[in-house]
Amino acid sequence: MSVADIIDGRAVSQRLRAAIAADVARLDEAPGLATILVGDDPASAVYVASKRKACAEAGITSVHHPLPAATQLPELLGLIDELNADPCVSGILCQLPLPAHLDAAVVIERIDPDKDVDGLTVANAGRLALGQPGLRPCTPAGVMDLLAEAGAELRGGEAVVIGRSNLFGKPMAQMLLAADATVTCCHRYTRALNEQCARADVLIAAVGQPGLVRGTWIKPGATVIDVGINRTDDGLVGDVEFEAAAEIAGAITPVPGGVGPMTIACLLRNTLISASRTQRAREAA
Ligand code: NAD
């Protein structure tokens with residue numbers, strides 16, 4: 001029997017998207033999101049299409065730049081330079097992964113940090129680490145919204161993040177630290193993961209391994225956020241043994257319908273933030 005509250009990421013993201021649409025409507029000019037997709041990976045094409053659809057619903061103009069898989073680095077960097085210079089472009093999203101011959105770190109780094117709506121440039125990672133305003137990575141930013149929705153007490157609480165990727169784990173740990181939690185960041189070499197989890201008032205799993213986090217590892221009443229997306233014969237599942245965890249946690253996100261919907265909403269929010277800053281700069285000039 002489940003005792004945990006189920007954190008409804010779809011509902012939270014819908015509310016956020018409605019609020020973003022209202023703010024977008026108040027801007028002088030519609031924000032513009034440029035999307036870049038290199039190659040024809042079907043999953044990436046689906047992701048980009050759903051991001052563009054969400055833009056349209058929020059009143060954000062999106063312009064798509066599909067490039068052939070054989071595109072060479074200078075051509076891609078040239079496109080990013082053009083978009084950096086284009087005043088109609090508030091945000092630039094280069095869908096990852098890129099084909100193996102393109103160095104994603106070099107490509108991402110070319111994006112103007114103020115248009116880096118994925119929050120992945122060195123400048124934005126540094127701003128986050130130093131507590132300065134900047135564009136934050138979308139998935140961990142969405143998790144912060146879900147934690148607020150669940151009423152999780154972060155100040156002084158024990159937060160455990162499993163996973164240390166640049167995309168999620170590291171920025172997540174920084175955001176929790178900024179919210180005054182005591183943060184432990186676990187990874188593939190962490191010993192006794194179960195003991196780390198057992199201390200967590202807030203437990204966040206982002207590994208990509210179904211059932212890695214056992215229900216028995218969870219501290220009674222903890223808030224559990226499952227970021228993992230794993231396609232199995234039983235459909236889409238997260239990294240947490242959901243049924244068992246829901247019997248002991250205080251609140252838990254489902255997969256699907258938890259973290260996933262928040263990522264796109266936060267991309268829209270970052271595009272709005274960028275467009276609002278441009279408008280303020282124009283007004284001040
Ligand atoms: P990644 O592969 O870059 O990182 C995985 C991390 O897990 C690494 O830091 C690694 O050290 C750690 N790890 C691996 N095995 C482990 C183990 N046995 N014990 C503890 N840690 C272990 O992945 P990522 O990009 O951070 O994504 C992680 C998961 O989150 C994936 O399933 C991905 O699909 C999902 N994800 C979901 C969203 C979303 O919008 N919902 C966004 C980003 C990532």
Side-chain angles (χ1 to χ4, degrees), residues 9-25 27 30-38 41 43-66 80 83-84 86 88-98 104 107-108 111-121 123-125 127-128 133-149 165-168 170-172 174-175 206 225 227 229 253 256-278:
R10 285 202 183 97
V12 179
S13 72
Q14 271 161 16
R15 286 202 300 276
L16 180 56
R17 283 166 64 167
I20 291 166
D23 285 349
V24 164
L27 290 175
L33 177 70
T35 56
I36 304 173
L37 177 60
V38 186
D41 175 58
S44 292
V46 169
Y47 286 140
V48 172
S50 57
K51 289 169 183 174
R52 297 191 65 216
K53 181 165 174 280
C55 278
E57 285 166 10
I60 294 171
T61 308
S62 73
V63 179
H64 186 46
H65 299 269
I80 293 174
L83 298 171
N84 282 340
D86 185 342
C88 298
V89 173
S90 323
I92 302 170
L93 180 147
C94 184
Q95 184 65 42
L96 302 177
L98 289 169
V107 173
I108 296 299
I111 297 173
D112 176 346
D114 290 334
K115 296 188 178 189
D116 166 31
V117 282
D118 270 333
L120 297 178
T121 54
N124 279 319
R127 289 166 179 169
L128 171 59
L135 295 168
R136 304 298 194 227
C138 299
T139 307
V143 169
M144 293 303 286
D145 285 294
L146 293 180
L147 290 172
E149 171 74 15
S165 65
N166 292 339
L167 188 72
F168 182 80
K170 283 181 200 160
M172 185 75 256
Q174 294 282 1
M175 288 180 201
I225 306 286
V227 184
I229 301 177
T253 55
V259 175
M262 294 303 294
T263 299
I264 290 187
C266 290
L267 171 71
L268 303 180
R269 180 164 61 191
N270 277 347
T271 309
L272 167 66
I273 290 170
S274 173
S276 306
R277 189 183 26 75
T278 305

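Computation of the quantities below employed the complete heavy-atom set of this structure, encompassing side-chain atoms and omitting hydrogens, waters and symmetry-equivalent molecules. For the single chain, residues carry numbers from 1 onward in sequence order.
Here the OG1 atom belonging to T271 is positioned 5.0 Å from the CD1 atom belonging to I60, to the nearest 0.5 angstrom.
With sequence neighbours left out, the salt bridge (charged side-chain N to carboxylate O under 4.0 Å, His left out) criterion links D145 to R269. Remark: A19 pairs with no residue by the side chain to side chain contact (heavy atoms under 4.5 Å, CB included) rule, at least two apart or across chains. Scanning for side chain to side chain contact (heavy atoms under 4.5 Å, CB included) contacts around L96 gives L98, A104, I108, L120, with sequence neighbours left out. By the side chain to side chain contact (heavy atoms under 4.5 Å, CB included) test, I36 pairs with V38, H65, L67, L76, L79, I80, L83, I92, C94, sequence neighbours left out. Residues that satisfy the side-chain hydrogen bond (donor to acceptor under 3.5 Å, both in side chains) test with N166, not counting sequence neighbours, are K170. Applying the salt bridge (charged side-chain N to carboxylate O under 4.0 Å, His left out) rule to R52 yields no partners; only residues at least two apart in sequence or on another chain are considered. In this view, D118 satisfies the side-chain hydrogen bond (donor to acceptor under 3.5 Å, both in side chains) rule with no residue, not counting sequence neighbours. With sequence neighbours left out, A30 forms a side chain to side chain contact (heavy atoms under 4.5 Å, CB included) with T61. Here Q14 pairs with nothing under the side-chain hydrogen bond (donor to acceptor under 3.5 Å, both in side chains) rule; sequence neighbours left out. Every residue two or more places apart in sequence or in another chain was checked for a side-chain hydrogen bond (donor to acceptor under 3.5 Å, both in side chains) with R136, and none qualifies. The salt bridge (charged side-chain N to carboxylate O under 4.0 Å, His left out) test applied to R15 returns E149, not counting sequence neighbours.
The closest side-chain heavy-atom distance from P137 to L167 is not below 4.5 Å. A 4.5 Å side-chain heavy-atom check between V24 and P31 finds at least one atom pair inside the cut-off. Contact annotation: the side chain of F168 approaches that of V143 to within less than 4.5 Å [non-hydrogen atoms, C-beta and beyond]. Side chains of L27 and D23 form no contact here, defined as non-hydrogen atoms less than 4.5 Å apart.
In terms of modelled atom types and a separation under 3.5 Å, the side chain of T35 and the main chain of L93 share no donor-acceptor contact. Within the 3.5 Å criterion, the main-chain N or O of D112 finds a donor-acceptor partner in the side chain of N84. Distance alone, capped at 3.5 Å, is enough to place a donor-acceptor pair between the S274 side chain and the S90 backbone. A donor-acceptor pair under 3.5 Å links the side-chain atoms of S50 to the main chain of V46, judged by distance alone. With hydrogens and angles disregarded, a donor-acceptor distance shorter than 3.5 Å links the side chain of R277 to the backbone of D114.
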Side-chain donor-acceptor pairs of residues 256-268 under 3.5 Å, sequence neighbours excluded:
from : atom 1 : to   : atom 2 : distance (Å)
T263 : OG1    : T139 : OG1    : 3.1

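Smallest separation of non-hydrogen atoms from S44 and Q95: CB-CG, 3.9 Å. Closest approach of R127 and P113 over heavy atoms only: NH1-CB, 3.9 Å.
Put simply, the residue from L128, T121, N124 that forms a side-chain contact (heavy atoms from CB on, under 4.5 Å) with L135 is N124.
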